[in-house]
S.K.: 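Structure incoming, see below.
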Amino acid sequence: MAFTVNDFEDLIRILKQNPEWQERMRQAILTPELLDLPKVVNQLVEAIRELTEAQRRSDARIDELAQTVAQLVEAQRRTDETVAQLVEAQRRSDARIDELAQTVAQLVAAQQQSEARIDQLTEIVQELVQISRDTLRRLERLENWQVGETGRRDGERFERETLARAPALFFGGRGGGAGEPHLREKVGDWLLPLYRQGVEVPPHDDPLLSDIIWWKGDRVMV
């Protein structure tokens, strides 16, 4: 059985009266990508938060590195006092340098991880943009369908109302829509002489393609 416009309006009314059915309708209509869109956005926000936290830790480590360098400068100044102190200070400096090298290596690794996450975020954003474009195209098609459907319904309603008021509009007479069997038979009788003469009626003059045919006596209105 075909799904009519009245069925569609009933469906909208039922969904408004039963909000719990709306989620099931969304799952039936929307694609899995659109249903997962809120989760993807939350993942994006969480990734940005983690990236911000990683940058904050990087800044804190840079501050620690600056403090360590300042301590090394002070230690180097003290090593100038004696050779023994210089040897000991140098040993401490070497140890500090190793720590700094490890810290720098960790910072490099963190930076690489940050760049990898940025690449992942870029891919996610591109997917979201594509999903948004697809959604806009679907909404545009739906809007065009609704406009066309509304125009068709208005035309059909106007035709029905005109046919219903035809006796009053034309002050009597008989007739109806060109698609009615008895009316097509009537028009065929009128055109029979032309058909017998081999005269072809062009489409733009064919009364069988009109909306309404009405006659009173020997006068016919198309």
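All values below were derived from every heavy atom in this structure, side-chain atoms included, with hydrogens, water molecules and symmetry-related copies excluded.
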S.K.: Would you say that more than 12 heavy atoms from the other residues, nucleotides or ligands in this model lie under 6.0 Å from the CZ of R133, or not?
M.R.: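 It does not: R133 CZ has 12 such atoms or fewer within range.
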S.K.: To the nearest 0.5 Å, how far apart are CZ in R117 and CD in E115?
M.R.: 13.0 Å
S.K.: Other residues, nucleotides and ligands only: do more than 12 of their heavy atoms fall within 6.0 Å of CD on E140?
M.R.: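 No, CD of E140 has 12 or fewer neighbouring heavy atoms, counting only those of other groups under 6.0 Å.
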S.K.: Count I, L, V, M, F, W, Y as connected when their side-chain heavy atoms are under 4.5 Å apart, and connections chain through other members. Are I48 and I124 then in the same cluster?
M.R.: yes
S.K.: Examine the side chains of Q130 and D134 and answer whether a donor and an acceptor come within less than 3.5 Å of each other.
M.R.: yes
S.K.: Between I62 and V69, is there a shared hydrophobic cluster once you connect ILVMFWY residues whose side-chain heavy atoms come closer than 4.5 Å?
M.R.: no
S.K.: Look at the side-chain heavy atoms of Ile, Leu, Val, Met, Phe, Trp and Tyr, link any pair under 4.5 Å apart, and say whether V129 and L44 land in one connected group.
M.R.: yes
S.K.: Ion pair present between R78 and E74, side-chain N to carboxylate O less than 4.0 angstrom?
M.R.: yes
S.K.: Rounded to the nearest 0.5 Å, what's the gap from CZ on R13 to CG on N18? Could you check?
M.R.: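 Separation between the atoms: 9.5 Å.
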S.K.: Take a 6.0 Å sphere around CZ of R196 and say whether it holds more than 12 heavy atoms from other residues, nucleotides or ligands.
M.R.: no
S.K.: Please name the pair of heavy atoms, one in S93 and one in L72, separated by the smallest distance, quoted to 0.1 Å.
M.R.: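 For S93 and L72, the tightest heavy-atom pair comes out as CA-CD2, 3.8 Å.
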S.K.: Quick check for you: to the nearest 0.5 Å, what is the distance between Q120 atom CD and Q43 atom CD?
M.R.: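 Result: 10.5 Å between the selected atoms.
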S.K.: Got a second to check how far E50's CD is from Q55's CD, nearest 0.5 Å?
M.R.: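 E50 CD to Q55 CD: 14.5 Å, rounded to 0.5 Å.
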S.K.: Can you list everything that forms a side-chain contact (heavy atoms from CB on, under 4.5 Å) with L142? Sequence neighbours excluded, please.
M.R.: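 Per chain and number, L142 pairs via side-chain contact (heavy atoms from CB on, under 4.5 Å) with W145, Q146.
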S.K.: Do you see a donor-acceptor pair shorter than 3.5 Å between the side chains of Q90 and D94?
M.R.: yes
S.K.: Rounded to the nearest 0.5 Å, how far does CG of L121 lie from CD of Q126?
M.R.: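 Going from the CD atom of Q126 to the CG atom of L121 covers 11.5 Å.
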S.K.: So that I can tick it off, tell me whether E64 and R61 are bridged by a salt bridge, with the cut-off set at under 4.0 angstrom between side-chain N and carboxylate O.
M.R.: no
S.K.: Rounded to the nearest 0.5 Å, what separates atom CD in Q106 from atom CZ in R57?
M.R.: 11.5 Å
